[in-house]
Amino acid sequence: MAAIRKKRKAFVESADCVACGCCVKVCPKGALQIVKGITAQVDMEKCVGCGKCAKECPTSVIRIEEVEA
């Protein structure tokens with residue numbers, strides 16, 4: 001039986017996001033964008049779960065979680 005592989009991904013708490021764009025600037029993969037000037041959105045295909053966005057977020061609304069690969 002193979003072990004379940006886990007990947008890390010960023011998740012944005014949209015309700016509390018202030019759409020400042022700090023995460024967009026630091027993402028090395030270009031996985032984040034500001035949608036309609038309201039909230040940041042993560043492109044799960046591009047996100048590698050490095051955590052740079054979460055560290056940069058001034059409102060601490062981005063978290064890195066493990067998901068099944």
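With rounding to the nearest 0.5 angstrom, the OG atom of Ser60 is 12.5 Å from the NZ atom of Lys55. For the atom pair CD (Gln33) and NZ (Lys36), the distance works out to 11.5 Å, reported to the nearest 0.5 Å.
Residues Ala10 and Met44 come closest through the heavy atom pair O-CE, 3.2 Å. Taking every heavy atom of both residues into account, Ile64 and Ala54 meet most closely at CG1-CB, 4.2 Å. Closest heavy-atom contact between Val67 and Lys9: CG2-CG, 3.6 Å.
Test Cys47, Cys23, Cys27 against Cys53 for side chain to side chain contact (heavy atoms under 4.5 Å, CB included) and you get one pass: Cys23.
Using a 4.5 Å cut-off on side-chain heavy atoms (C-beta onward), Asp16 and Thr59 make no contact.
Every residue two or more places apart in sequence or in another chain that forms a side chain to side chain contact (heavy atoms under 4.5 Å, CB included) with Cys17 is listed here: Val12, Thr39, Ala40, Val61. Partners of Glu68 under the side chain to side chain contact (heavy atoms under 4.5 Å, CB included) rule, at least two apart in sequence or in another chain, are Ile4, Lys6. Residues satisfying the salt bridge (Lys or Arg N to Asp or Glu O under 4.0 Å) test with Glu65, not counting sequence neighbours, are Arg63. With sequence neighbours excluded, the residues forming a side chain to side chain contact (heavy atoms under 4.5 Å, CB included) with Lys46 are Ala31, Asp43, listed by chain and number.
In terms of hydrophobic clustering, with Ile, Leu, Val, Met, Phe, Trp and Tyr side chains grouped at heavy-atom distances under 4.5 Å, Ile62 and Ile38 are assigned to different clusters. Under the 4.5 Å side-chain contact rule for hydrophobic residues, Val26 and Val35 do not share a cluster.
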